[in-house]
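For reference, positions follow the sequence shown, starting with 1. Counting convention: from 1, in listed order, for ligands and their atoms alike.
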Amino acid sequence: MRAVMCKTLGPPKALVVEECASPMPGAGEVRVAVEAAGVNFPDFLIVQGKYQHKPPLPFSPGSEISGIVDAVGEGVTSLKAGDAVLGVIGVGGFAEKAVARAEHLLKRPATMDPVTAAGFAMTYGTSMHALKQRADLQPGETLLVLGAAGGVGLAAVEIGAAMGARVIAAASSPEKLEIARAAGASDLIDYKKDGLRDRLKEIVGETGVDVVYDPVGGELFEQALRSTAWEGRMLVVGFASGEIPKAPANLPLLKGCSIVGVSLGGFRKRHPEAHAANFDQLFAWHAEGRLKPLVSRTLPMSKAAEALTTLASRGAVGKIVLTMERPA
Ligand SMILES: NC(=O)c1ccc[n+]([C@@H]2O[C@H](COP(=O)([O-])OP(=O)(O)OC[C@H]3O[C@@H](n4cnc5c(N)ncnc54)[C@H](OP(=O)(O)O)[C@@H]3O)[C@@H](O)[C@H]2O)c1
């Protein structure tokens, strides 16, 4: 099989595509013939050794996949060969075959095509967990989404709208904001052009926003925290800006607000039933047409470095997905 391999930590251009032996599933694992793989910011961090999970070299990156189960390890009863699946597998997804724990895979609904499914599990799983379990977002509340046209950000816009919130999308260009509007945002903030706090005051007045979804970090974090409402919830999702912010602790005190961490992996491990229930809801919304995941680009697996570089330079909207077809 062919796989994208990381042999030395560094920029995506150091990745190589190689023929290698197909991995064999161990006890509790299955092997998946990968049809497509979503490209995510953590993939960019992991190949540089900058992510919390540091797999030993060499490894194949790629965490979010869809495909068909083609071999089943000892003790697996939940899946069989031929099942169409999607899931978040950690690493190994930028390859024609990948091994995953059976419990890390979900059956792909017949209503979802493999390319859409490849960009769904991490992106929508994270944003659903953030808004449902961590923020307890209520209908009629205001939700500010930073990086609102990115992978997890755009999913948060759609899910927030489906949950009945008033969604305020914030991003770095008018083009990105139009994409967020089409996904359900009713108010838009171009934070490259306008000050985040001033525009928020125009939109919600002095009350502030109930929930902030922040996958960006950096200086936007404190600005958004200063704009939260009484009993607001500030969701720490990620640091795509490259800067982990440090917030003054008097702000949560004065505002009676909470800074709330979000970890999809930690949640799935500790609460598998709630994680599965989240996906039942997400698949139902998708089948009803209430979620319309945006895959803005599909590229062959051999272009993994280009895909990661585009993502890391703020050039992606929605999802970039790699497909595993061999070149003709
Ligand atoms: N907590 C979890 O469980 C979890 C799960 C998945 C992902 N994440 C994290 O969430 C973050 C976003 O991941 P993603 O896959 O959605 O990434 P993405 O598609 O690249 O979106 C990130 C967004 O951040 C904004 N951004 C601001 N400064 C940036 C910079 N210097 N470089 C790149 N983007 C920048 C961009 O929007 P603008 O140009 O509009 O500013 C971009 O659209 C990452 O930090 C990732 O590690 C966390």
Would you mind running through ligand 1 and noting each atom that sits below 4.0 Å from a heavy atom of [X]?
X      : answer
Ser172 : 38 (P), 39 (O), 40 (O), 41 (O)
Leu264 : 3 (O)
Gly151 : 16 (O), 18 (P), 19 (O), 21 (O)
Val216 : 24 (O), 25 (C), 27 (C)

I need the Arg199 CZ to Asp190 CG distance, nearest 0.5 Å. 9.5 Å

Determine, considering heavy atoms only, which of Ser313, Gly318, Ala148, Gly150 sits nearest to atom 21 (O) of ligand 1. Gly150

For atom 37 (O) of ligand 1, the option (of Gln52, Lys50, Lys176, Glu175) bearing the nearest heavy atom: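 The option holding the nearest heavy atom is Lys176.
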
Hey, does [X] come in under 3.5 Å of ligand 1, counting only N/O atoms on both sides?
X      : value
Val237 : yes
Val236 : no
Gly238 : no
Phe41  : yes
Met122 : no
Val262 : yes

May I ask whether [X] places a heavy atom under 4.0 Å from ligand 1?
X      : answer
Pro42  : yes
Phe267 : no
Ala312 : yes

The residue among Leu143, Ile203, Leu144 that forms side chain to side chain contact (heavy atoms under 4.5 Å, CB included) with Val209 is Leu144

Looking only at heavy atoms, what is the nearest atom pair of Leu105 and Ile89, with distance?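 For Leu105 versus Ile89, the nearest heavy atoms are CD2-CG2, 4.0 Å.
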
Around Lys269, counting heavy atoms of other residues, nucleotides and ligands shown, do more than 12 lie under 6.0 Å from its NZ? no

Parallel, tilted or perpendicular: ring planes of Tyr124 versus Phe120, cut at 30 and 60 degrees: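 It falls in the parallel class, under 30°.
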
Give me the one residue out of Glu273, Gln133, His129, His271 that meets side-chain hydrogen bond (donor to acceptor under 3.5 Å, both in side chains) with Asn278.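 Going through Glu273, Gln133, His129, His271 one by one, the side-chain hydrogen bond (donor to acceptor under 3.5 Å, both in side chains) with Asn278 is satisfied by Gln133 alone.
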
